[in-house]
Amino acid sequence: MSSKWIELESQRYMSVAKRTPVVLVRGEGCRVWDENGKAYLDMVGGWAVNTLGHSSPVIVDALTEQASQLIHTSNQFYTVPQLELADLLIQNSAFDRVFFSNSGVEANEGAVKLARKYGQHKRNGAYEVITTDHSFHGRSLAMLTATGKPAYKQDYGPLPDGFLADPVPFNDLDAVKKATTDKTCAVMVEPVQGEGGVNPATKEYLQGLRDWCDQNNLLLIFDEVQTGVGRLGTLWGYELYNVAPDVMTLAKGLGGGVPIGAILCTEKANIFTYGDHGSTFGGNPLATAVALAVMRETLKEDLPGHAKKVGNYLQEKLNGLRADRPYITDVRGHGLLVGIEFDSDIAAEALGKLLEEGVLMNAPAGNVLRFMPPLVLTEEEVDEVVGKLAKVLDEIKAKTPA
Ligand SMILES: *Cc1c(COP(=O)(O)O)cnc(C)c1O
C-alpha cells in the first residue's frame, strides 16, 4: 500500500511503532475510513480508548462547548469541570481522592510516588513496589522498570531502584509473599493484563493480594489504565472481582480519546500534601470537561452493562469458531477486552488479511489477537467481525497444512 503519508513517516518519524499500513482520516461509531475512502470495523478502538466510538456527539459537544469557554488555566486556580469530574468519580467508586494526569504512565508514576511516601512514613522507609511478569505499566524509566517485559528495558539502564529486578509470575500469590521484604511498600497489578496478552487475574489471587497487603501494611495498587471505565463489563475492573485496591490508576477510556489519566486513592493512602505532586496540563478544563461528559454518558447508558452483554456474545461466537478449529487454543477476557489464542504465530498474517477484509485488530503476542473495540459495539458488528475472522483463519489454514 503506497501512500505519501506512509513514505513521509518512514523519513521523518521516529521508527518506534510498527504501524499497520493504513492512513486513517475519519471515524464514526465503531467504523473508521482511510484516505482512499475504504471503511474498516475498528476492534482496536485507539487501544481501548474510544469508549463512546468515533465522532461521538457527546464528545464533540463537550469539546466544542468547553473550548469556547476555557481551554486551560493552571492548577493554581479552581476550575469547574475538574471538580465535577472528581466528584463523579468518587461518588461512583470505592475511593476518596483523585488527581488528574495526562496519561496512563503519569498516573502510574504518581501512584508509585504515593506508595513510596506511604512507605517512607508508614512502613519504616519501605520503597519497593512488587510488579508482575507480562505486566505493562507504561514507558517512563520507572514504569518500564516496573513492566514485566524485558525487551522494553534492555538499552535503558541504569534503571531506577525500587522495583524487582525480576517481576514475579502473575496469578501467583506465593511469589508475591516470597518477594515481600522490609523494603516493600506496595504491590501493583492489572486486574486483566492487556498488553501482556489478555490475561485475567483470578479472584483468589486478587483477594489473596488484598489480604496480604492488609496483613503487611502494603498498599495495593490496581493499574486500571486499560480495564477501567466499563471495559470489563463493570465500571471498574476491581468490581468484577469484588476486591477493592487502595489506589487505582485510570487513563485510556476515561477521556474517550482526549488525553487524561487519574490516580484515585482511599483515605488511608491519601498521603500527598502541598507540593508533593503536580502537572501543568493534568486536569485542565478541556480534558476534564470531555471526561466528565464521557463518564456521565457511560453511567446514563450503562455502557459497562452493554460491554458485558456484547462481550459475552463475542466470546460465545469466538468459542463457536473454536469448536471446529482445534488450532484455536483459548478464548478469554471479560467484557470488551477479549483475546483469542492460537497454537502457532499466525496473528500477524491474520492482521494483514483482516485489514484487506476491512477489520482493524491488534496482536499483543505472535499467537494472540485482542479485541478492545469501542464499548458501543453492537452484536451485528460482532457477527460481521467474527464472520470475517473465520474466513481469514480458514484461508491461512488452507495453505499451511497442520
Ligand atoms: C496503556 C497502558 C499504560 C500506559 O498508558 P499511556 O497512556 O500509554 O502512558 C499503563 N498501564 C496499562 C495497564 C496500560 O494498558
Side-chain angles (χ1 to χ4, degrees), residues 14 16-19 43-51 99-115 129-149 152-153 156 163 167 170-171 186-201 206 209 220-232 236-238 240-241 245 247-264 279 281-284 287 290-291 294 333-339 362-365 368 370-373 375:
M14 290 192 190
V16 291
K18 195 167 180 192
R19 302 196 205 233
M43 296 299 111
V44 184
W47 282 335
V49 165
N50 300 308
T51 46
F99 174 88
F100 294 116
S101 63
N102 305 290
S103 66
V105 72
E106 283 174 72
N108 287 339
E109 285 273 342
V112 167
K113 279 179 68 178
L114 199 67
V129 177
I130 294 176
T131 59
T132 66
D133 214 1
H134 302 293
S135 62
F136 182 73
H137 300 297
R139 302 294 201 134
S140 67
L141 283 169
M143 287 311 114
L144 68 85
T145 307
T147 289
K149 187 164 178 181
Y152 288 177
K153 316 183 192 190
Y156 305 108
F163 301 94
F170 187 59
N171 269 334
V187 179
M188 178 161 73
V189 295
E190 298 150 77
V192 176
Q193 293 184 328
E195 306 303 305
V198 190
N199 310 315
L206 295 186
L209 290 180
L220 180 59
I221 305 170
F222 281 1
D223 177 347
E224 293 226 27
V225 167
Q226 187 156 156
T227 56
V229 199
R231 179 60 48 187
L232 300 186
W236 316 117
Y238 74 80
L240 184 67
Y241 292 90
V247 182
M248 172 172 81
T249 56
L250 300 174
K252 293 194 162 87
L254 183 57
V258 168
I260 184 169
I263 312 166
L264 289 89
S279 169
F281 295 116
N284 90 3
V290 175
V294 169
H334 294 287
L336 284 171
L337 180 57
V338 172
N362 169 267
V368 180
R370 173 172 45 162
F371 298 78
M372 45 183 163
L375 301 183

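Both counts, for ligands and for their atoms, begin at 1 and track the order of listing.
No donor-acceptor distance shorter than 3.5 angstrom exists from the side chain of Lys252 to the backbone of Val225, with no hydrogens or angles considered. In this structure a side-chain-to-backbone donor-acceptor pair under 3.5 Å is present from Glu190 to Phe136. Distance alone, capped at 3.5 Å, is enough to place a donor-acceptor pair between the Tyr241 side chain and the Pro191 backbone. A distance-only check finds a donor-acceptor pair linking the side chain of Arg231 to the backbone of Leu336 [under 3.5 Å]. Using modelled atom types, one side-chain atom of Glu224 and one backbone atom of Gly237 make a donor-acceptor pair closer than 3.5 Å. Remark: side-chain polar atoms of Gln226 are not paired, donor with acceptor, to backbone N or O of Trp47 under 3.5 angstrom.
Here the protein heavy atom with the shortest distance to atom 9 (O) of ligand 1 is Val105 N, 2.8 Å. Nearest non-hydrogen protein atom to atom 12 (C) of ligand 1 is Phe136 O, 3.3 Å. Given atom 5 (O) of ligand 1, the protein heavy atom at minimum distance is Gly104 CA, 3.4 Å. When only non-hydrogen protein atoms are considered, atom 11 (N) of ligand 1 lies nearest to Asp223 OD2, 2.7 Å.
Using a 4.0 Å cut-off to heavy atoms of Asn108, the atoms of ligand 1 that qualify are 10 (C), 11 (N). Residue Gln226 has at least one heavy-atom neighbour below 4.0 Å for each of these atoms of ligand 1: 15 (O). Ligand-side atoms of ligand 1 in range of Glu190: 13 (C), range being under 4.0 angstrom from any heavy atom. If you number the atoms of ligand 1 from 1 as listed, the ones under 4.0 Å from a heavy atom of Lys252 come out as 1 (C), 2 (C), 3 (C), 14 (C), 15 (O).
Heavy atoms of Ala251 found under 4.0 angstrom from ligand 1: none, in either backbone or side chain. At a heavy-atom distance under 4.0 Å, only side-chain atoms of Val225, from C-beta outward, approach ligand 1.
For Phe281, the CZ atom is loosely surrounded, since the number of other residues' heavy atoms within 6.0 Å does not exceed 12.
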